[in-house]
Amino acid sequence: MSNQPSYKEIIRNGLWNQNTGLVQLLGLCPLLAVSTTAVNGISLGLATAIVMSMSNGAVSAVRNVVPNEIRIPVFILIIAVLVTVVQMGMNAFVHPLYLVLGIFIPLIVTNCIVLARTEAFASKNRVLPSMVDGLMMGVGLTLVLAVLGGAREIIGKGTLFSGLDMVFGEAAKHMVLHVIPDYHGFLLAILPPGAFIGLGLLIAGKNYLEQRATAKPETHQPDIQVATA
């Protein structure tokens with residue numbers, strides 16, 4: 001019982017320390033392919049977060065009654081059912097967005113992140129912490145998709161939140177921000193090489209912030225040693 005991580009640790013790991021997009025580098029295929037706009041990235045990220053939270057909770061609930069030899073097929077079956085529910089819900093309520101995301105919605109079943117968290121965390125912990133872990137891991141991925149999608153959209157098209165009408169209807173077209181007026185676009189940012197460059201810069205930025213944070217305490221040590229000598 002004492003080995004179970006606290007909720008604070010779970011949240012910190014999901015959002016930063018073990019971020020699935022910047023640290024674990026799992027599920028890169030949808031991350032790079034869908035993040036052409038902020039709306040696409042956030043939408044797929046939230047769908048993945050919902051599936052991860054629900055699948056972690058379901059796997060944790062049945063972990064003691066599923067034989068160890070068949071646990072992986074059972075986990076995949078649970079994930080597939082939940083992805084189908086999310087897919088049908090998006091088809092019913094946000095059909096234009098469902099058409100744009102296309103194959104990447106059912107491919108959540110094969111996303112390494114989802115199965116990895118059910119196996120590494122949910123199969124060993126209680127229901128509520130497992131659901132929080134899945135949700136935080138999904139939110140961490142959503143934040144990466146939002147930042148990467150927003151940056152690619154601004155650099156590539158000069159807009160932000162284009163396609164918001166796919167979620168909220170025709171009235172949302174007026175909510176699109178034209179960050180760079182009369183902009184002719186930069187095609188590289190929209191293409192797959194732009195996604196790789198953007199993700200690389202995000203990973204480099206995270207590593208820089210962590211190195212800077214760990215280097216701060218060492219700056220005061222030399223003064224103390226000189227005074228005692």
Side-chain angles (χ1 to χ4, degrees), residues 1-35 38-63 71-72 75-76 78-83 85-86 90 101 104-105 107-151 195 198-214:
M1 296 291 292
S2 59
N3 293 329
Q4 291 189 348
S6 65
Y7 287 107
K8 184 178 180 180
E9 186 178 356
I10 292 173
I11 294 172
R12 188 188 303 120
N13 287 338
L15 298 182
W16 187 257
N17 291 342
Q18 298 181 17
N19 187 287
T20 54
L22 301 180
V23 179
Q24 300 184 47
L25 301 181
L26 296 175
L28 292 184
C29 177
L31 187 148
L32 297 172
V34 173
S35 60
V39 171
N40 289 355
I42 294 172
S43 300
L44 187 67
L46 291 178
T48 306
I50 293 171
V51 170
M52 290 185 69
S53 180
M54 296 173 66
S55 61
N56 266 20
V59 167
S60 177
V62 302
R63 71 185 191 281
R71 70 184 192 285
I72 298 298
F75 293 171
I76 295 175
I78 292 173
I79 295 169
V81 170
L82 294 171
V83 170
V85 172
V86 171
M90 294 184 70
L101 296 182
F104 291 104
I105 302 174
L107 279 181
I108 294 174
V109 178
T110 61
N111 195 318
C112 304
I113 306 169
V114 185
L115 183 59
R117 296 317 297 177
T118 56
E119 171 67 9
F121 194 96
S123 63
K124 302 178 180 65
N125 291 278
R126 292 179 286 110
V127 174
L128 187 56
S130 297
M131 293 187 70
V132 174
D133 175 78
L135 180 63
M136 288 300 108
M137 286 290 171
V139 171
L141 176 66
T142 305
L143 293 175
V144 176
L145 282 165
V147 173
L148 182 61
L199 181 62
L201 291 174
L202 290 179
I203 295 173
K206 181 183 185 303
N207 292 338
Y208 170 75
L209 292 176
E210 288 189 339
Q211 290 177 3
R212 184 179 178 183
T214 54

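Values in this document were obtained by computation on a predicted structure and should not be read as measured data.
Taking all atoms of both residues into account, the shortest heavy-atom contact from N111 to P30 is ND2-CG, 3.9 Å. In terms of heavy-atom proximity, S35 sits nearest to L148 at OG-CD2, 3.5 Å. A pairwise comparison of heavy atoms in S130 and A122 identifies OG-CA, 3.5 Å as the closest pair.
Counting heavy atoms from C-beta outward, L199 and L28 have side chains that approach closer than 4.5 Å. For the pair V34/L101, a side-chain contact is recorded, criterion being any heavy-atom separation below 4.5 Å from C-beta on. For the pair P129/I10, a side-chain contact is recorded, criterion being any heavy-atom separation below 4.5 Å from C-beta on. Residues P5 and N125 meet the side-chain proximity criterion, which asks for heavy atoms closer than 4.5 Å. Side-chain contact between F121 and S60: absent, with no pair of heavy atoms (C-beta onward) separated by less than 4.5 Å. A 4.5 Å side-chain heavy-atom check between L44 and L31 finds every atom pair outside the cut-off.
Atom CD1 of I76 and atom OG of S55 lie 11.5 Å apart (nearest 0.5 Å). Atom CG of L115 sits about 10.5 Å away from atom CE of M52, to the nearest 0.5 Å. A distance of 9.0 Å separates CD1 in I42 from CG in L143, rounded to the nearest 0.5 Å. The structure places CZ of R126 at 8.5 Å from CZ of R63, a figure rounded to the nearest 0.5 Å. Taken to the nearest 0.5 Å, the OG1 atom of T20 stands 10.0 Å off from the CG atom of L15. Taking CD1 from I113 and CG from L26, the interatomic distance works out to 5.5 Å, rounded to the nearest 0.5 Å.
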Indicate every side-chain donor-acceptor pair of residues 132-139 with a distance under 3.5 Å to a residue at least two apart or in another chain.
unit_1: D133; atom_1: OD1; unit_2: R117; atom_2: NH2; d: 2.9
unit_1: D133; atom_1: OD2; unit_2: N56; atom_2: ND2; d: 3.3
unit_1: D133; atom_1: OD2; unit_2: R117; atom_2: NE; d: 3.1
unit_1: D133; atom_1: OD2; unit_2: R117; atom_2: NH2; d: 3.3

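Listed for the T110 side chain is a donor-acceptor partner under 3.5 Å among the backbone atoms of L107. The backbone N or O of N13 sits nowhere less than 3.5 Å from a side-chain atom of Q18 that would complete a donor-acceptor pair.
Contacts of V86 classified as side-chain contact (heavy atoms from CB on, under 4.5 Å), with partners at least two apart in sequence or in another chain: A47, I50, V51, M90. Applying the side-chain hydrogen bond (donor to acceptor under 3.5 Å, both in side chains) criterion to K206, with sequence neighbours excluded, gives E210. Residues passing the side-chain contact (heavy atoms from CB on, under 4.5 Å) test with V85, sequence neighbours excluded: none. With sequence neighbours left out, R71 forms a side-chain contact (heavy atoms from CB on, under 4.5 Å) with V66, N68, F75, E119.
Residue pairs meeting the side-chain hydrogen bond (donor to acceptor under 3.5 Å, both in side chains) criterion with at least one member in residues 40-54, sequence neighbours excluded, are T37-N40.
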Pair I78-V62, side chain to side chain contact (heavy atoms under 4.5 Å, CB included): steps then yes or no
CA-CA 10 Å; I78 292 173; V62 302; 4.1 Å; yes

